[in-house]
Amino acid sequence: MTETTNQTQPGRIAIIDALRGFALAGIVICHVVENYIGAQPPGPFNEAVHQGLADDIVDGFIGIFLRGKFIALFSFLFGLSFFIQMDNANKKGSYFGGRFLWRLLLLLAIGFAHSLFYRGDILTVYAVLGIFLIPFYKVPNKWVLGISAILFFGAARFLIFYLTGGDPLFSEMDINPDNPKILNYYDTLKNGSLWEVFATNATEGHIDKAEFQYGLFGRGYFTFAFFLVGLFVGRSGFFKRIHEEKKLNKNILIYASITLVLSLIAMSAAFMSMGQNFNMKSWNAMLGFTAMDISNAAMTLIYIALFVIIYRKTKGQKWLNKFVPYGKTALTNYVAQSIVFTFILFGWGLGLIGELRQLYTFLLALVFIALQMWLSKIWLRYFYYGPLEWLWRSLTFFKIMPLKRKD
């Protein structure tokens with residue numbers, strides 16, 4: 001199969017759109033089952049949503065196979081998309097760095113609006129970290145991979161821990177489910193008005209997010225590492241040659257699997273050594289979180305490799321291409337699912353937060369994903385872009401882009 005048949009339209013590679021849709025599906029499942037809390041859930045919530053073995057199975061399945069892995073995949077695709085945009089402009093004899101910076105500022109605005117509904121918004125994080133991605137476009141591959149490896153192995157986290165002794169940089173994040181701060185926020189989600197939710201998410205929410213992303217938890221450094229991996233893979237042209245890269249893909253699967261096993265062993269050893277006295281002011285905790293990040297990275301690479309293996313097969317490609325419209329309209333779908341589910345769950349809407357066991361929210365997420373995939377397919381029959389994609393693109397180039405298809 002040639003490269004052309006692997007594309008939905010000139011300039012777009014179908015497998016990348018399909019992979020983006022697949023990543024979004026995993027993210028939606030995690031968020032729905034977590035009830036869009038975007039923070040540590042309180043004890044009463046955990047008790048309410050776990051009512052039987054089925055709920056424990058759902059929780060275990062998400063923890064092992066989804067949580068942390070699909071947002072990493074989404075981050076990888078962000079770095080890959082950055083390269084594609086920069087490279088396309090470069091081939092036309094222009095530099096896209098300034099335009100990409102403006103594009104990030106627009107994403108920051110969209111993300112901030114989204115974060116008012118859902119504290120766990122990732123768009124604002126991408127917008128900020130994306131600024132540091134721009135200089136890497138011309139950095140040699142060995143430095144791109146080297147810096148990503150340094151970040152994956154927790155250098156930033158260890159440095160912060162060494163300098164602070166485990167103290168927070170921005171905000172105290174006590175993960176005790178009975179912490180009054182956690183209980184108060186949950187009460188706001190459960191009983192507060194829309195404006196009260198907006199107020200706490202716009203202020204306290206971003207301070208806590210900064211601690212989670214750039215403090216000892218270090219999610220932001222992990223995210224940026226995946227940006228760099230996406231940039232490197234974009235340069236390699238891997239997704240343009242998926243039928244010629246069978247050996248490479250097999251090696252990725254093998255070495256990622258070995259890394260996964262070793263990192264899980266290291267994580268278990270680090271956390272178990274702490275016994276019941278877990279706290280963030282411990283080198284063992286830092287080692288455990290770093291091993292967890294590495295295991296999530298390894299699992300993400302395994303998903304990419306398996307996705308490519310299945311996609312190379314005719315029937316597999318036909319099935320996975322169902323994610324293409326979903327991936328093309330990922331920004332619209334990402335924001336829409338937060339608005340819909342915060343209305344369903346939070347007190348300013350139907351107020352069902354903590355009222356549905358995890359089995360039911362898991363099934364509800366699957367139904368909603370199927371609905372969004374169907375709507376995305378119908379929408380793209382008549383329009384070139386999703387609504388937010390069209391707005392973002394039009395503002396990026398300071399002109400109204402064509403939206404409705406003429407054929």
Side-chain angles (χ1 to χ4, degrees), residues 8-14 16-29 31-32 36 70-71 74 77-78 80-82 84-85 88 99-127 130 194 197-198 201-202 321-346 348-349 365 367-407:
T8 52
Q9 62 188 64
R12 295 196 73 105
I13 303 175
I16 296 177
D17 285 322
L19 197 55
R20 185 179 294 107
F22 177 67
L24 180 60
I27 292 171
V28 173
I29 292 173
H31 289 174
V32 175
Y36 283 80
F70 280 74
I71 196 67
F74 215 57
L77 292 168
F78 185 89
L80 177 60
S81 296
F82 161 77
I84 292 173
Q85 293 174 64
N88 287 342
R99 187 81 66 177
F100 190 80
L101 177 60
W102 169 239
R103 187 172 171 82
L104 291 174
L105 294 176
L106 294 172
L107 183 65
L108 183 64
I110 296 171
F112 180 77
H114 175 246
S115 72
L116 298 178
F117 290 92
Y118 174 49
R119 180 176 288 196
D121 160 77
I122 195 64
L123 301 179
T124 51
V125 177
Y126 282 9
L194 177 62
V197 173
F198 279 7
N201 284 346
N321 271 344
K322 295 181 185 298
F323 285 104
V324 168
Y326 198 41
K328 282 186 174 183
T329 54
L331 179 61
T332 296
N333 284 314
Y334 176 69
V335 173
Q337 42 97 354
S338 294
I339 296 174
V340 170
F341 276 105
T342 53
F343 169 76
I344 292 173
L345 296 166
F346 292 0
W348 60 266
V367 171
F368 189 78
I369 290 167
L371 176 62
Q372 278 198 315
M373 290 176 66
W374 177 73
L375 290 174
S376 298
K377 181 180 179 180
I378 298 300
W379 177 272
L380 290 179
R381 285 180 184 174
Y382 302 99
F383 302 96
Y384 289 111
Y385 313 102
L388 282 182
E389 284 78 7
W390 171 80
L391 177 64
W392 193 19
R393 187 176 181 84
S394 295
L395 291 175
T396 295
F397 293 98
F398 300 104
K399 64 179 180 180
I400 298 177
M401 293 294 179
L403 178 61
K404 186 174 177 57
R405 293 183 180 273
K406 297 179 181 179
D407 49 351

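- In this structure, the separation between CD1 on I27 and CD on Q337 is 8.5 Å, given to the nearest 0.5 Å.
- Looking at W348 and T342, their side chains come closer than 4.5 Å, going by heavy atoms from C-beta outward.
- Taking the side chain as every heavy atom from C-beta outward, F398 and R99 approach each other to under 4.5 Å.
- In terms of heavy atoms, F323 sits closest to A25 at CE2-CB, 4.2 Å.
- The shortest side-chain heavy-atom distance between L375 and N333 does not fall under the 4.5 Å cut-off.
- Within the 4.5 Å cutoff, the side chain of K377 has heavy atoms near those of the R381 side chain.
- Ring geometry for H114 versus Y118: interplanar angle over 60°, hence perpendicular rather than tilted (30 to 60°).
- Between the CG atom in L107 and the CG atom in L395 there is a gap of 12.0 Å [rounded to 0.5 Å].
- The nearest pair of heavy atoms linking Y384 to P402 is CD1-O, 3.7 Å.
- A distance of 12.0 Å separates OG1 of T124 from CD1 of I110, quoted to the nearest 0.5 Å.
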Exercise for the section: Evaluate the side-chain hydrogen bond (donor to acceptor under 3.5 Å, both in side chains) criterion for residues E389 and T332: first the C-alpha distance (whole Å), next the side-chain angles of each, then the deciding distance (0.1 Å), finally the verdict. Expected result: CA-CA 7 Å; E389 284 78 7; T332 296; 2.5 Å; yes
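- By the 4.5 Å heavy-atom criterion applied to side chains, W392 and L388 are not counted as neighbours.
- The NE2 atom of H31 sits 6.0 Å away from the CD1 atom of I71 when rounded to the nearest 0.5 Å.
- Put simply, the side chain of F368 does not reach to within 4.5 Å of the side chain of I344, judged on heavy atoms.
- In plain terms, the two heavy atoms of F78 and L104 that are nearest each other are CZ-CD2, 3.8 Å.
- F346 has its ring centre no less than 6.0 Å from the ring centre of Y36.
- If you take CZ on F74 and CG on L19, they are separated by 10.5 Å, rounding to the nearest 0.5 Å.
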Handout entry: Verdict with supporting geometry, F198 and L194, side chain to side chain contact (heavy atoms under 4.5 Å, CB included)
Key = CA-CA 6 Å; F198 279 7; L194 177 62; 3.4 Å; yes
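- Under a 3.5 Å cut-off, the side chain of S394 and the backbone N or O of M401 do form a donor-acceptor pair.
- The distance from atom CD1 of I378 to atom CZ of F383, rounded to the nearest 0.5 Å, is 12.0 Å.
- Between the side chain of Y334 and the backbone N or O of I122, at least one donor-acceptor pair lies under 3.5 Å.
- Residues T329 and S376 bring a donor and an acceptor atom of their side chains to less than 3.5 Å of each other.
- When all heavy atoms of A202 and L116 are compared, the pair lying nearest together is CB-CD2, 3.6 Å.
- The closest side-chain heavy-atom distance from F117 to V335 is not below 4.5 Å.
- A donor-acceptor contact shorter than 3.5 Å is absent between the side chain of W390 and the backbone of I400.
- For the pair R20/I16, a side-chain contact is recorded, criterion being any heavy-atom separation below 4.5 Å from C-beta on.
- When every heavy atom of V28 is checked against every heavy atom of I369, the shortest pair comes out as CG1-CG1, 4.0 Å.
- Between R393 and R103, the shortest heavy-atom contact is CA-NH1, 4.4 Å.
- Distance alone, capped at 3.5 Å, is enough to place a donor-acceptor pair between the R405 side chain and the L380 backbone.
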